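Before any comments, here is the structure.
Positions are given from 1, in the same order as the sequence printed here. In each ligand, atom 1 is the first atom listed, and ligand 1 is the first ligand listed. Since we're looking at a predicted model, the values are computed, not measured.
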Amino acid sequence: MKIILTYGTFDLFHIGHLNMLKRLRALGDKLIVGVSTDEFNALKGKQSIFSYEERKAIVESNRFVDLVIPERDWQQKEQDIVRYEVDIFAIGEDWQGKFDHLNHLCEVRYLERTENISTTKIKESLKGV
Ligand code: C2G
């Protein structure tokens with residue numbers, strides 16, 4: 001049983017998020033997703049449109065996702081990897097290199113993102129609508 005772990009805000013769920021969850025799930029047998037809480041989003045300088053509860057419900061409903069946990073801070077990744085016996089930590093290549101320090105606990109992978117879509121782009125396209 002190969003366990004995969006990732007994290008993200010997943011606001012205004014879009015095809016880039018879906019492609020990423022599909023790619024992540026294809027790496028193993030069980031996908032755990034840490035969804036950023038509203039408080040942690042503030043630390044990341046992000047103000048999401050949907051609340052944590054709404055973003056959690058949407059990600060939880062996705063057929064590629066087996067478990068959603070709250071992402072409350074930058075430090076929890078190590079303990080999550082140990083607690084959930086994670087084999088691979090993976091995230092979009094926009095984070096390339098940022099989590100290499102986790103490789104003493106599990107494999108670390110950076111996956112291709114989907115071009116030309118982002119929550120920011122969606123928000124901008126809706127301005128003035
Ligand atoms: N993503 C993607 N393609 C896009 C947009 C996002 O593949 N066009 C991926 C990101 O690379 C990430 C996941 O979807 O792996 C979630 O993206 P965000 O919600 O933007 O999450 P982020 O702000 O990167 O939070 O501790 C890690 C952070 O919580 C990650």
With rounding to the nearest 0.5 angstrom, report the NZ to CG distance, Lys77 to Leu105.
12.5 Å
With rounding to the nearest 0.5 angstrom, report the CG to OG distance, Asp38 to Ser48.
5.0 Å
Contacts under 3.5 angstrom, residues 84-96 side chains, donor-acceptor by atom type, not counting sequence neighbours:
residue : atom : partner : partner atom : Å
Asp87   : OD2  : Ile3    : N            : 2.7
Glu93   : OE2  : Arg113  : N            : 3.4
Asp94   : OD1  : Arg113  : NH1          : 3.3
Asp94   : OD2  : Arg113  : NH1          : 2.9

Could you please provide the protein residues found below 4.0 Å of ligand 1 on a heavy-atom basis, arranged by chain and number?
Tyr7, Gly8, Thr9, Phe10, His14, Gly16, His17, Met20, Ser36, Lys44, Lys46, Glu71, Trp74, Lys77, Ile91, Gly92, Asp94, Trp95, Arg113, Thr114, Ile117
Evaluate the side chain to side chain contact (heavy atoms under 4.5 Å, CB included) criterion for residues Ile32 and Asp80: first the C-alpha distance (whole Å), next the side-chain angles of each, then the deciding distance (0.1 Å), finally the verdict.
CA-CA 10 Å; Ile32 301 171; Asp80 288 344; over 6 Å; no
List the steps and the verdict of side chain to side chain contact (heavy atoms under 4.5 Å, CB included) for Ile122 and Ile117.
CA-CA 7 Å; Ile122 294 169; Ile117 181 84; 4.1 Å; yes
Begin with the C-alpha distance, continue with both residues' side-chain angles, and end with the deciding distance and a verdict on side chain to side chain contact (heavy atoms under 4.5 Å, CB included) for Glu78 and Leu102.
CA-CA 7 Å; Glu78 283 87 344; Leu102 299 173; 3.6 Å; yes
